[in-house]
Asks: 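Here it is, the structure, as structure tokens.
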Amino acid sequence: MSGKPPIVLRLFHLLLWGFFAVAILWYVAVPFVVRLLA
Amino acid sequence: MRKVAFAFCYMPLLVAIDIASKAWAVLALDFGASSILIFPGISYRLAFNPGVSFGLFAESPVMVLALTSVLTAGLTIWFWKARSRWIELALATIIAGAVANIIDRVVNGAVTDFISFGQPDAPIFTNNLADMWITAGAVLLFANHTLSERAKSTLHKNERPPALEGPNVR
């Protein structure tokens, strides 16, 4: 086993971690959004 | 080497995540405001708990601080003496949560809680990330104990003395 993993796998990881990052940021932002809308 | 990594990388990381999340909670949430539903069954609600989990011993914060400090010291001794990596991981997680809450108690005189479970208007309990570290560590410790006991008992079952199995022909 050597070299870079397949492009599909790399894209999948990018999407997965991107999804987690966006989800966490969204939950951090929710109280501010609620305060803005109130 | 593994213990050093747990003590100087893993534990400070967990403590830092918890302290950062509490700072965010104080900044983002209004004390006394209604809860914000973020997921069915989970909501944000800022609360300050001078006692321990589930609001026990809320009337004597100094005693609580002394009690938790002694408990944490005991867990730390257990951690340095432990020989299994799973027990080390579990204890490191528990100690990180305990230390994070002790820091909060010393600095603020109470523990900052902001994650509510149950109905948003009538939550069952409110806790923070440090409480989750403690719970996760305790579950890991219990699971490790249970699984290792089971492994031991199956080992004994398979290790029957040869005399009971008749002539040992190979």
Side-chain angles (χ1 to χ4, degrees), chain A, chain B residues 10 13-49 93 96-97 100 104 108 110-133 135-136:
Chain A
M1 282 291 280
S2 64
K4 285 179 180 173
I7 184 78
V8 179
L9 200 63
R10 277 191 284 163
L11 274 175
F12 175 72
H13 276 168
L14 194 71
L15 272 174
L16 191 69
W17 289 110
F19 174 78
F20 277 128
V22 170
I24 289 169
L25 281 177
W26 168 243
Y27 285 117
V28 168
V30 159
F32 298 110
V33 174
V34 167
R35 201 181 285 177
L36 263 177
L37 296 177
Chain B
Y10 178 71
L13 182 73
L14 288 192
V15 171
I17 291 172
D18 176 69
I19 289 175
S21 76
K22 282 168 177 167
W24 167 82
V26 171
L27 184 79
L29 305 168
D30 289 320
F31 182 64
S34 55
S35 352
I36 300 164
L37 187 75
I38 58 155
F39 207 78
I42 303 175
S43 50
Y44 291 144
R45 184 175 147 273
L46 190 60
F48 297 101
N49 180 7
T93 313
D104 204 15
N108 298 323
V111 172
T112 310
D113 288 335
F114 63 96
I115 305 168
S116 281
F117 294 88
Q119 292 295 317
D121 45 350
I124 304 164
F125 62 93
T126 306
N127 71 2
N128 52 38
L129 290 185
D131 290 338
M132 290 190 193
W133 304 159
T135 311

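None of the values given here were measured: they were computed from a predicted structure. So that the names make sense, note that chain A is the first sequence line, chain B the second, and so on, each numbered from 1.
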Asks: How long is the gap from CG on D113(B) to CG on D131(B), to the nearest 0.5 Å?
Replies: 6.0 Å

Asks: Atom CD1 of I115(B) and atom CG of N128(B): how far apart are they, to the nearest 0.5 Å?
Replies: 7.0 Å

Asks: Quick check on I38(B) against chain A: is it the side chain, the backbone, both or neither that has a heavy atom closer than 4.5 Å?
Replies: both

Asks: Tabulate, in ascending numerical order, the residues of residues 12-20 of chain A having at least one heavy atom closer than 4.5 Å to a heavy atom of chain B, or enter 'none'.
Replies: none

Asks: Which pair of heavy atoms, one from N127(B) and one from M132(B), lies closest together, and at what distance?
Replies: OD1-CE, 3.8 Å

Asks: Determine the sole option in F31(B), F39(B), W24(B) for which the ring pair (Phe, Tyr, Trp, His ring centres under 6.0 Å) test with Y44(B) is passed.
Replies: W24(B)

Asks: I need the minimum non-hydrogen distance between L46(B) and L29(B), along with the two atoms involved.
Replies: CD2-O, 3.6 Å

Asks: Between atom CG of L13(B) and atom CG of D18(B), what is the distance when rounded to the nearest 0.5 Å?
Replies: 11.5 Å

